[in-house]
Each structure stands twice: as C-alpha cells, then as structure tokens.
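Here's the structure we're looking at; comments come further down.
Throughout, numbering of the chain's residues begins at 1 and tracks the sequence. Counting starts at 1 for both ligands and their atoms, following the listed order.
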Amino acid sequence: MIMYDDVNIAENIKNVQARIKEACLRSGRKPSDVTLIAVSKTKPVSMIRECIENGITVFGENKAQELTSKLEQIEIPLDWHFIGHLQRNKVKYIVGNTKLIHSVDSVRLAEAIDSEAEKKNITCDILAEVNVAGEESKFGLAKDEVYNFVSEISGLKHIKLRGLMTIAPYVDNSEENRLYFRFLRNLLIDINNKNIDNISMDILSMGMTGDYEVAIEEGATMVRVGTGIFGDRHYT
Ligand SMILES: *Cc1c(COP(=O)(O)O)cnc(C)c1O
C-alpha cells in the first residue's frame with residue numbers, strides 16, 4: 001500500500017506557480033506565456049482531482065494505457081499532454097485524446113501520427129524531441145538530425161509541428177543545464193528563420209522539477225513538473 005498522505009498538493013502548486021512567476025519577472029517575461037503541465041504519471045486519479053480543485057487543468061502522462069484509463073475516469077474536460085516515448089502501435093490511443101504530443105523523434109512516428117489524424121479527420125499538434133546533451137540513455141533526435149526531420153515532415157497535412165521539447169540531464173545544480181535550454185531556443189529560432197513551408201514553431205517544452213526556473217529564464221513556454229507537485233514517484 002503506497003501512502004500519499006504526506007504530500008500537500010495545494011501548497012506545492014502554489015509554490016511552483018510562485019517560482020514560475022519569479023523566474024518570469026527575473027527574465028522580463030509574462031507568467032501567462034508559460035504553461036505549467038502537471039505530470040501525473042504513476043499518480044492516482046484522486047490526486048489529479050485535487051489538482052483540479054486547485055485550478056490545474058493541464059496534465060502530462062507518458063504511457064498510452066495509463067492515459068486512456070485516467071481519461072475514462074475523469075469526466076471533466078482537461079488538456080492532456082503526451083510526454084513519453086510513443087510506439088507506433090499505440091498512436092491510435094493518443095491521437096484525438098491529447099492536446100499535444102511532445103515526444104516525436106522519428107519521421108516514421110510522425111507519419112504514423114499523420115495518418116491516424118487523417119483517419120480521425122483532425123490535425124494533431126506535435127513537438128520534436130531533441131536529445132540536446134547527446135545522452136545514450138535518452139530518446140530524441142540528435143542535434144544534427146533536427147533540421148532534416150523538420151524538412152521531411154513539413155509536407156504532412158494532418159500534423160502541425162508546434163515546437164521543440166527536451167529532457168535535460170539529471171543534475172544537482174540546474175545551472176549546468178542552462179546551455180542546453182539556450183541551445184534548444186536558438187535551434188527553434190534558426191529553424192523558423194529557414195522559412196520552410198508550413199513550419200513556424202512557437203512552443204519550447206523544457207524544464208522539469210529540478211530545473212524549470214532556469215528553463216523559463218532561457219525561454220521555456222511549457223514546463224513539465226511532476227515531483228514538485230505530486231511528491232516522489234513510487235515505481236512498483
Ligand atoms: C516524468 C517526466 C517529467 C516530470 O519529472 P519531474 O522531475 O518529476 O518533474 C517531465 N517530463 C517528462 C518527459 C517526464 O517523463
């Protein structure tokens with residue numbers, strides 16, 4: 001039996017929102033330009049309901065099955081973001097159920113999302129995941145693959161590439177990740193400046209519990225915070 005009793009979700013949300021606001025003020029940005037995504041993976045629906053009571057309507061999940069099951073249990077309309085590694089055979093569960101897929105890292109996956117969106121007669125918003133630090137253990141496009149990826153998918157009619165996402169290395173001092181966040185922002189600007197048909201990106205999804213303030217200072221428009229809201233995750 002996992003005990004969640006020691007987590008004060010209302011207080012955690014207030015704290016994260018205050019820090020987001022301060023990071024925005026430090027860097028001359030508007031708090032309304034940064035979306036907080038509450039990453040609820042592994043956490044029960046009861047905790048999601050507590051977030052909703054505290055004004056949160058944007059959630060992130062990383063597994064197709066868990067997302068589908070939570071969707072069925074919650075009657076209130078919410079914005080669900082898919083942030084995990086996505087297999088092509090799971091695309092049908094995600095397209096149409098999510099506001100944004102953050103983790104697209106191959107042309108084949110983008111094509112699978114495009115054809116599922118076509119089937120459902122919708123346009124699906126996606127981000128390209130970039131492995132900025134070149135970590136072996138992480139998914140994502142290598143830095144030097146991003147431009148080719150963008151050009152290759154630019155002709156797909158049922159997806160819209162909205163921006164870039166990264167998961168920075170796990171570090172003790174978040175300052176160590178500043179250069180990666182800065183790199184991703186510059187990459188987005190560079191690619192926008194190439195004026196590729198249908199490509200104009202406006203979303204930078206970067207920053208997690210350990211480093212979201214630095215990410216905001218470097219231009220993040222979406223931060224993905226799990227532990228900072230829900231407490232530690234217990235994997236069984
Ligand atoms: C789990 C996860 C997060 C949240 O991580 P925390 O460190 O708990 O805030 C953010 N982004 C992705 C892609 C994740 O898988």
_Regarding D125 and K99, does a basic nitrogen lie under 4.0 Å from an acidic carboxylate oxygen?_
no
*Pair S69-Q73, side-chain donor/acceptor within less than 3.5 Å*: yes
*asked:* According to salt bridge (charged side-chain N to carboxylate O under 4.0 Å, His left out), does anything in residues 113-123 pair up with another residue at least two apart or in another chain? List the pairs.
replied: E116-K119, E116-K120
_Nearest heavy-atom neighbours spanning G228 and N12_ = O-CB, 3.2 Å
Would you tabulate the polar-atom pairs, meaning N/O of ligand 1 against N/O of the protein, with distances under 3.5 Å, reported to 0.1 Å?
residue: ligand 1; atom: 8 (O); partner: T227; partner atom: N; Å: 2.8
residue: ligand 1; atom: 8 (O); partner: T227; partner atom: OG1; Å: 2.5
residue: ligand 1; atom: 8 (O); partner: R233; partner atom: NH1; Å: 2.8
residue: ligand 1; atom: 8 (O); partner: R233; partner atom: NH2; Å: 3.1
residue: ligand 1; atom: 9 (O); partner: T209; partner atom: N; Å: 3.0
residue: ligand 1; atom: 9 (O); partner: T209; partner atom: OG1; Å: 2.4
residue: ligand 1; atom: 9 (O); partner: G226; partner atom: N; Å: 2.8
residue: ligand 1; atom: 11 (N); partner: R224; partner atom: NE; Å: 2.8
residue: ligand 1; atom: 15 (O); partner: K41; partner atom: NZ; Å: 2.6

*asked:* Suppose the criterion is side-chain hydrogen bond (donor to acceptor under 3.5 Å, both in side chains): which pairs have a residue in residues 132-150, not counting sequence neighbours?
replied: E135-K138
*Which side-chain hydrogen bond (donor to acceptor under 3.5 Å, both in side chains) pairs, counting each pair once, include a residue from residues 179-191, with sequence neighbours left out?*
R182-E218
